[in-house]
**Q** 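Pasting a structure here, questions to come.
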2 protein chains.
Amino acid sequence: MPELKSRQVSQLPPLQAIRVFEAVARHLSFTKAAAELGMTQAAASYQIKLLEERVGAPLFLRRPRQIVLTEAGQRMAPAVSEAFALLGGAYAAARSGADGVLCVSTLLTFASNWLAQHLGSFQVAHPSLAVRLDTSNRLVDFAREDIDIAIRSGGGNWPGVEVHKLFNADFTPMLSPKLAATIGGVKEPADLLRLPILDPGDIWWRDWFIAAGLPVEELAKRPGSSMGAQAYEANAAIAGQGVAIVTAALFKAELADGRLIQPFDLVGDDGHAYWLVYPQARRNVPKIRAFREWILAEIAGQ
Amino acid sequence: MPELKSRQVSQLPPLQAIRVFEAVARHLSFTKAAAELGMTQAAASYQIKLLEERVGAPLFLRRPRQIVLTEAGQRMAPAVSEAFALLGGAYAAARSGADGVLCVSTLLTFASNWLAQHLGSFQVAHPSLAVRLDTSNRLVDFAREDIDIAIRSGGGNWPGVEVHKLFNADFTPMLSPKLAATIGGVKEPADLLRLPILDPGDIWWRDWFIAAGLPVEELAKRPGSSMGAQAYEANAAIAGQGVAIVTAALFKAELADGRLIQPFDLVGDDGHAYWLVYPQARRNVPKIRAFREWILAEIAGQ
DNA sequence: TTCAGGCATAAGCCCTCCTTATGGGCCGTG
DNA sequence: CACGGCCCATAAGGAGGGCTTATGCCTGAA
């Protein structure tokens with residue numbers, strides 16, 4: 001589409017030439033401007049000549065020891081300088097601004113039970129980085145959502161993204177000590193059958209029942225009601241409403257202070273895990289690197 | 001100097017990519033922006049990808065039927081648009097501004113005796129063009145002075161410039177009728193010897209004396225005092241102070257109304273002429289073309 | 001289900017733009 | 001007054017950026 005091109009070219013200045021012009025106008029020297037721009041004096045001369053032909057008038061007067069702006073050049077220089085300052089500012093803002101806010105997409109339970117307790121140390125380590133949490137159970141698509149990094153659970157084989165395993169998504173029943181006491185304590189898996197089971201339709205219950213040698217049919221009999229997130233079911237369990245099956249690693253605090261107890265060492269594991277995920281192409285972006293290094297160290301150290 | 005280059009590149013955005021970004025951000029469409037810029041959709045996609053890598057963050061979210069700006073993109077877009085508006089304005093101003101003022105370097109006599117009487121018709125024909133006269137006898141150097149077009153006298157063979165002959169710089173004696181009357185009229189060349197001669201050192205006098213068969217030695221006897229411009233000597237002649245040797249074409253008005261008379265048809269001609277001169281490279285600049293066409297027509301028509 | 005619209009990607013080529021090399025003009029200096 | 005230095009212009013040549021063409025994928029509409 002040559003006609004379009006020519007139209008375009010005629011109404012917009014050649015940008016590289018303008019960049020050179022700006023520098024030359026500032027230094028009033030081809031040589032110095034070229035040095036600033038990291039090119040040779042000849043290149044600067046070439047670009048200015050190009051621009052002068054485009055504008056249709058000389059922009060500089062070549063005097064013996066120096067150059068000065070022509071009338072046309074004087075008209076152009078201030079606005080051009082201002083425009084470049086704007087561009088530089090916008091660019092820097094986008095760069096640092098992008099570095100200044102980290103958007104983390106995370107699963108609800110991970111956010112409330114792990115991030116909430118650990119994020120403080122990240123913010124201490126990176127005071128200039130603001131973290132914006134985006135809680136969602138969807139599998140985030142980095143091309144479609146404004147997300148820098150995500151916590152996902154699953155098999156870990158997603159294309160186009162870098163993944164780091166945080167911990168296995170194992171699962172084991174948990175309940176409040178008070179509820180356990182109502183039946184004189186939970187000693188063996190079968191004791192659970194005497195208690196309400198939260199979200200009995202969860203595949204995890206089935207797996208765990210099988211592993212524990214309990215009859216799976218019992219699950220089907222129960223009223224099924226899922227709350228959609230481990231954190232909610234754990235809260236229900238803490239409130240004494242039943243037994244939840246959750247990932248132990250996410251409830252260390254509750255286990256430690258006795259709000260929940262884990263009656264059996266037996267944990268189920270379907271091979272799923274919690275993963276840190278981000279686009280491969282962005283692995284070296286500072287804020288992403290910072291978050292990755294922090295979370296991996298934090299997980300390893302706890 | 002690779003280190004300079006890399007420094008530079010890291011602190012200034014890639015301009016072509018930014019230009020594309022601006023268009024894409026405006027249209028929220030790669031395809032439309034590419035069309036506006038006169039390139040293919042693939043090229044736009046390529047440039048945006050490049051810029052996103054440079055910025056370190058995606059600038060657009062690719063949604064099914066459209067794209068939207070990311071946070072980083074939103075931060076960048078307004079300033080970038082503004083910067084381009086500035087650049088466009090500056091460029092246009094330089095272009096049209098340059099078209100709006102025509103700087104003419106002219107010889108003093110030509111200015112006062114020809115341009116002053118004719119320029120009006122040029123300004124009527126080109127009301128948007130302001131003419132700035134720069135009177136000087138120096139041979140103007142277009143590279144060093146802010147001059148668009150010049151009137152010169154001389155042989156007409158200057159390198160690098162376009163020349164058009166206006167009229168021959170011939171020369172012939174002129175004097176006021178009153179002065180002629182003091183010796184009973186000037187009938188033949190020898191009569192001049194009885195009158196004061198203005199700037200007898202002028203080479204033109206010598207040439208004309210030879211052509212007229214007068215003794216050249218007479219000239220050397222006279223007190224030499226040059227006024228440096230034909231117009232001044234002509235004024236002296238009009239005032240009756242002596243005989244001047246000037247170019248007839250420049251004094252048509254004075255001859256017509258009788259302030260001056262040209263006693264002899266004999267004119268000298270050393271091959272010099274008055275020329276219109278401008279840089280070859282700028283022959284198609286509108287204002288230069290306009291002035292050239294006007295002055296040639298004016299000269300031819302009078 | 002098919003079609004159309006829109007973006008991404010790969011391969012390849014052209015042309016821009018930069019470099020090196022050289023020359024000219026002007027200044028200061030010995 | 002000649003010489004060297006500074007600065008810009010110009011020519012020739014080469015490398016790589018950036019564009020095009022071609023193709024694929026995805027999604028929403030008919």
**Q** Which residues pass the salt bridge (charged side-chain N to carboxylate O under 4.0 Å, His left out) test with B:E71, not counting sequence neighbours?
**A**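 Once residues adjacent in sequence are excluded, the partners of B:E71 under the salt bridge (charged side-chain N to carboxylate O under 4.0 Å, His left out) criterion are A:R132, B:R75.
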**Q** What residues, two or more places apart in sequence or in another chain, satisfy salt bridge (charged side-chain N to carboxylate O under 4.0 Å, His left out) together with A:R62?
**A** A:E52
**Q** Does A:K32 have any side-chain hydrogen bond (donor to acceptor under 3.5 Å, both in side chains) partners at least two apart in sequence or in another chain, and if so, which?
**A** none
**Q** Nearest to the B:Q47 side chain among D:dT20, C:dC17, D:dG18, which nucleotide is it?
**A**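 The closest nucleotide is D:dG18.
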**Q** For nucleotides 5-15 of chain C, give me one character per nucleotide, 5' to 3': B if any protein heavy atom sits under 4.0 Å from the base, S if the only such contacts are to the sugar-phosphate, - if neither.
**A** BSBBB------
**Q** Show your working on salt bridge (charged side-chain N to carboxylate O under 4.0 Å, His left out) between A:E162 and A:R292 and close with a plain yes or no.
**A** CA-CA 11 Å; A:E162 197 85 17; A:R292 175 186 65 215; over 6 Å; no
**Q** Taking atom C1' of C:dT16 as reference, at what distance in whole Å does atom CG of A:L15 sit?
**A** 14 Å
**Q** What is the distance from CG of A:L50 to P of D:dT10, rounded to the nearest Å?
**A**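 After rounding, the gap between these two atoms is 13 Å.
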**Q** For A:D146, which residues count as a side-chain hydrogen bond (donor to acceptor under 3.5 Å, both in side chains) partner, sequence neighbours excluded?
**A** none
**Q** Reckon A:Q16 has a side-chain N or O less than 4.0 Å from the OP1 or OP2 of C:dC18?
**A** yes
**Q** Using whole Å, what does the distance between atom P of nucleotide D:dC7 and atom CZ of A:F60 come to?
**A**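 Rounding to the nearest Å, CZ of A:F60 and P of D:dC7 are 16 Å apart.
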**Q** Got a sec, which residues hit salt bridge (charged side-chain N to carboxylate O under 4.0 Å, His left out) with A:D141, two or more places apart in sequence or on another chain?
**A** A:R144
**Q** Measure CD1/B:I18 against P/D:dG18 and give the value in whole Å, please.
**A** 13 Å
